[in-house]
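Convention: sequence-line order gives letters A, B, ...; per-chain numbering from 1.
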Amino acid sequence: MSAAAAGDEASARRRRPRALTAYRWELRKLRAQKRTYIGLGAAVLVPCIFVVALMVEAGGPDEVPFGRYVRETGLAIPLILLIFGSIWLFPLITALVAGDIFATEDNHGTLKTILTRSVDRGQIFTAKLLAAFTYAFVALCLFAGTALLLGGLRFGFDPLTTLSGTTVSSSRGLTLIAASLGVYLLPTLAVASLALLLSIASRNSAAAVVGTLMFSLILQLIGIISGLDFLRPYLLSTQFNAWQGLLREPIDWAPIVRAAWVCACYGVPALLAGWIVFTRRDVAGG
Amino acid sequence: MGRDGAPAVSGAPPIEARGLVKRYGRITAVDHVDLTVERGDVYGYLGPNGAGKTTSLRMLLGLIRPDEGSARLFGRDPLRDGAGALEGVAGFVEAPRFYPYLTGRRNLELCAALDGGDAKTRIERGLDTVDLSDRARDRFGGYSHGMRQRLGIAAALLRDPRLLVLDEPTTGLDPAGMRDMRRLIRRLADDGITVLLSSHLMGEVEELCDRVAIVRSGSVIYEGALAELLRTAAGGYRLRTSDDARALELCSSEPGISEAEATEDGLAFAADEPAAGALSLALAEAGIEIRALIPRSASLEELFFRLTEEDGNGGLPARERAS
């Protein structure tokens, strides 16, 4: 049988790959890149440094929520670190991969390689989006998990004092921490969405990472200007504190609900714009 | 029609482009290009650097959108039908690119996964075909240029293509690498795979291709059979006589003879066969002995320069087969 005839037969029997296949390969590519481990390493290292600092120094971060209870229970450690991490750490960790995941294809000229196989641009977009979100989720879990483990080993897993002054059992405290991570994930994914858009539009990893970080810092800055108080509830940076509603008794759902739609207002248009640009753009160069 | 619902049109040519135009600002990179590559063709897409060859190939594969015109692969439109239009099509545009942090084999596994089906089973065969089995565990970033080109071919073969689109596949290879690559292309073509070969290397096209399109400044200035092009462009003669000076005077006055000129070893002139015959009789009547009258064969390289450097079309039919 000639190669051409074999090709006819192969085309006829070939099953088209699913977006899930492309997603798995995006994860494999992430696992093979050093950049991935820089972000994940930071997510592990920062809690380590924080716990070591608490062991070395006598005082604590009394001015932040849960700061006063930091030596009473290890359950407070991940919650305090969530507050510190929102300033620049998590936007940076998230942007490191989300800002790179499309631009690196331009950098290596590999977009044409994958777009001339049997997958559509929409499938590639979906796979990369899910991979960037997965990485952000894993980084957050590593961050909180490391903080919880080290905090618990050093200060024990005693009951947690809520922001309302009541005490909750260790098991409920753990549940609330897990739920807090879920709420914290909302602005994290919105930041990832903005980084993805910048990665697609700029085709330059450094520009996308720095741009995302700059955007986050500008929102932080707007948040501390007293004359712009009216904007604060709608800033993406503010939503990084929405999880604190879970640590009140009764639970204050208002900031959580607001975080959901405010984050959607930032993330969904960014993803939509990213989709449109990516699925319609010319793949030149490389 | 969606990505899964784009069946190949029975009997449609592997490539059919009509009126492709691509502009970048004021620059028209591709200017109303028509191309038809038939099944079994080894089709040379020939032009100087910057003539718009790669841009055309990108449009054919759906990587960039034409400003005007359309392209079809086996009757399917890559822009409308998405990846479905690329079924049975493989190759690379410019240099093949892969992930530098993955091994050669891992890169092929990725390509196979994105091809779906049983492409994975063909990885070993592909590596073997391009003689890369020994280096398959090395990272692509450490590959030489030749190895990268060969990995590009291996990745293309995973798709069991019916149409292979290759953009300057021998560029940057050493002579042995070029020879091996050409042999490989010839072998694939002999197996019945249609090949579109973009190149600026005349010898390569002359050796491998049976049909050609020659592009200049974004426009196709010739499309047709290579043999026909060479035959049409010939039509000149070299002449040596016992008295070249008188023979040149005679050439200048003889009907059907043009471009007569003295050369280092005699005379050269353009004429068709009857005019050359009439000239030989005239020379004999004038008592000038003909020592050699040799038809001048044109090389592709000579024709290429005539076509791409002159303002006109070098005396050739502008398009052997216009759409």
Could you look at [X] and say if it's the side chain, the backbone, both or neither that has a heavy atom under 4.5 Å from chain A?
X      : result
B:F92  : neither
B:L114 : both
B:A90  : neither
B:L110 : both

For the residue pair B:R106 and A:W25, establish whether any side-chain heavy-atom pair is separated by less than 4.5 Å.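 Sidechains of A:W25 and B:R106: in contact.
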
Can you find a pair of side-chain heavy atoms, one from A:P17 and one from B:D115, that are under 4.5 Å apart? no

Is A:D120 reaching over with its side chain to a backbone N or O of B:A83, donor-acceptor style, under 3.5 angstrom? yes

Report yes or no: does A:T21 contribute a side-chain atom to a donor-acceptor pair with the main-chain N or O of B:A113 at less than 3.5 Å? no

A:K29, part contacting chain B, at a heavy-atom distance under 4.5 Å: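 When you check distances to chain B, atoms from both the backbone and side chain of A:K29 fall under 4.5 Å.
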
Using heavy-atom distances under 4.5 Å, tell me whether A:R121 contacts chain B through its side chain, its backbone, both, or neither.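 When you check distances to chain B, only side chain atoms of A:R121 fall under 4.5 Å.
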
What's the shortest heavy-atom distance between [X] and [Y], and which atoms?
X      : Y      : answer
A:G109 : B:R97  : O-CB, 3.2 Å
B:A156 : A:R117 : N-NH1, 4.4 Å
B:R58  : A:V283 : NH1-O, 2.8 Å

For the interface with chain B, which of A:L115, A:T104, A:I114, A:T110 has the highest count of heavy-atom pairs at distances below 4.5 Å?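 Maximum pair count with chain B is reached by A:T110.
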
To the nearest 0.5 Å, tell me how far B:L63 CG sits from A:K112 NZ. 8.5 Å

What's the spacing between A:K34 NZ and B:Y101 OH if we round to 0.5 Å?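 The distance works out to 12.5 Å.
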
Quick one: which of B:D190, B:N107, B:L86, B:T55 has the most heavy-atom pairs under 4.5 Å with chain A, could you say? B:L86

So for atom [atom1], which belongs to [X], do other residues, nucleotides or ligands contribute more than 12 heavy atoms lying within a distance under 6.0 Å?
X      : atom1 : result
A:F84  : CZ    : yes
A:R35  : CZ    : yes
A:W261 : CH2   : yes

Walk me through whether A:D282 and B:K22 qualify under salt bridge (Lys or Arg N to Asp or Glu O under 4.0 Å). CA-CA 11 Å; A:D282 284 351; B:K22 187 66 184 177; 2.7 Å; yes

Could you walk me through whether A:R28 and B:Y99 pass the side-chain contact (heavy atoms from CB on, under 4.5 Å) test, one step at a time? CA-CA 12 Å; A:R28 284 189 184 184; B:Y99 299 96; over 6 Å; no

